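Single-structure report; data block below.
These numbers come from the heavy atoms of this one structure, side chains and all, not from hydrogens, waters or symmetry mates. No experiment lies behind these values; they were computed from the predicted model shown.
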2 protein chains.
Amino acid sequence: MIRISKKVEYALMALKFISNSDHKLVTAREISDTKSIPYDLLSKILQTLKNENILASNQGMNGGYFMNKRPDEIQLFNLMSVIDGDISIAECLNEKADKDCCLTDICSIKLPVSKLQKEVEELFKSKTISDFV
Amino acid sequence: MIRISKKVEYALMALKFISNSDHKLVTAREISDTKSIPYDLLSKILQTLKNENILASNQGMNGGYFMNKRPDEIQLFNLMSVIDGDISIAECLNEKADKDCCLTDICSIKLPVSKLQKEVEELFKSKTISDFV
DNA sequence: TTTATTGTGGACTAACATAGTCCTATTTCA
DNA sequence: TGAAATAGGACTATGTTAGTCCACAATAAA
């Protein structure tokens, strides 16, 4: 299935929300309530984004998150990598899987699939968060 | 995850195999053995392709499959639809899911996601089996 | 200094989709 | 009649995604 995961959807919604609340801290609870995103799940996502320096945070009372990069600096491709890990369109195209898979003579479609992979990557790299804000 | 399913990979390999064996019947067993694709699974895929008139078949002894369309008439997009069903990049973008999902005011990213969906579709429609043969 | 609020993060469970298997027809040719 | 082939339903196994639960740490306000 060719699908953007819920986590990436939630991340997009959260980043949009935070971007539009400029210069003020936004709590996970606030986003969760407003956008009906499960709180615990959203928290994990925001933490990931913080660890990747896309967001920054203040802990404690009156804490919250704020943007640490401009929306146009955050590629959709990067966001997806960070949240979902490997995003190759076929199992055999990620780095570690060079074992019994397509790389052998058996696989006849590796080249065109690699090409397609590149094109998908380009498409997702051409999108940034500013396209969603 | 943005990934082409194994079934679609197998379908591509099979279609390539059959295309390159022009004018002669090819059995599921032959493809399965040559390409190390699980026989039962491949059979299902070939049956689907036959029901979609991409392949045609002769039953019985000396039977097998043969192309019923030219490779350049078969879009990758179509192949994926036929084999995997819905291929929208987000749950809320397929036809039947207009319930509690993104269509409500809550979802802030529907428009840009729809746009991306269109672009992904265009990419996969621009590829045909002839790109893999 | 206590308490409420907020982020941090590990471990776990539930739900779902994908991949693969098993078994039984049915067709057709030799 | 029997072997080789497609046809197709039902089932199981595996892996991923989505979501939950819990304990802890940091901070500001009372």
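- Atom P of nucleotide D:dA5 and atom CG of B:Asp33 are separated by 11 Å, given to the nearest angstrom.
- The phosphate of D:dA18 (OP1 or OP2) has no side-chain N or O of A:Tyr10 nearer than 4.0 angstrom.
- Between B:Gln59 atom CD and D:dA3 atom P there is a gap of 19 Å when expressed in whole angstrom units.
- Regarding contacts with the backbone of D:dA29, a side-chain N or O of A:Asn62 is found under 4.0 angstrom from either OP1 or OP2.
- Atom-to-atom, CZ of B:Arg29 to P of D:dA7 comes out at 15 Å; the value is rounded to the nearest Å.
- At most 12 heavy atoms of other shown residues, nucleotides or ligands fall within 6.0 angstrom of atom NZ in A:Lys7.
- Applying the 6.0 Å contact sphere to NZ of A:Lys118 captures no more than 12 heavy atoms from other residues, nucleotides or ligands.
- The distance between atom CG of B:Leu41 and atom P of D:dT12, rounded to the nearest whole Å, is 18 Å.
- Here D:dA10 presents its C1' atom at 12 Å from CG of B:Asp40, a figure rounded to the nearest Å.
- Across the protein-nucleic acid pair, B:Tyr65 atom OH and C:dT28 atom P stand 14 Å apart, rounded to whole Å.
- In this model, the phosphate group of C:dG9 is not approached by any side-chain N or O of A:Lys44 to a distance below 4.0 Å at OP1 or OP2.
- Side-chain N or O atoms of B:Thr27 include one that pairs as donor or acceptor with a backbone N or O of B:Glu30 at under 3.5 Å.
- The side chain of A:Lys7 contributes no N or O atom lying less than 4.0 Å from OP1 or OP2 of D:dT17.
- No more than 12 heavy-atom neighbours from other residues, nucleotides or ligands sit within 6.0 angstrom of NZ on A:Lys115.
- Each of A:Met61 and B:Gln47 was matched to the nucleotide of DNA chain D holding its nearest heavy atom; the match closer to the 5' end belongs to B:Gln47.
- Atoms CD1 (B:Ile4) and P (C:dA19) sit 11 Å apart, rounded to a whole Å.
- Put simply, the side chain of A:Leu25 does not reach to within 4.5 Å of the side chain of A:Asn62, judged on heavy atoms.
- Phosphate contact (OP1/OP2 of C:dT6, side-chain N/O of A:Ser57, threshold under 4.0 Å): absent.
- Sequence order on DNA chain D of the closest nucleotides to A:Asn58 and A:Tyr39 puts A:Tyr39 first from the 5' end.
- Look at NZ on A:Lys6: it is 11 Å from P on C:dA17, rounded to the nearest Å.
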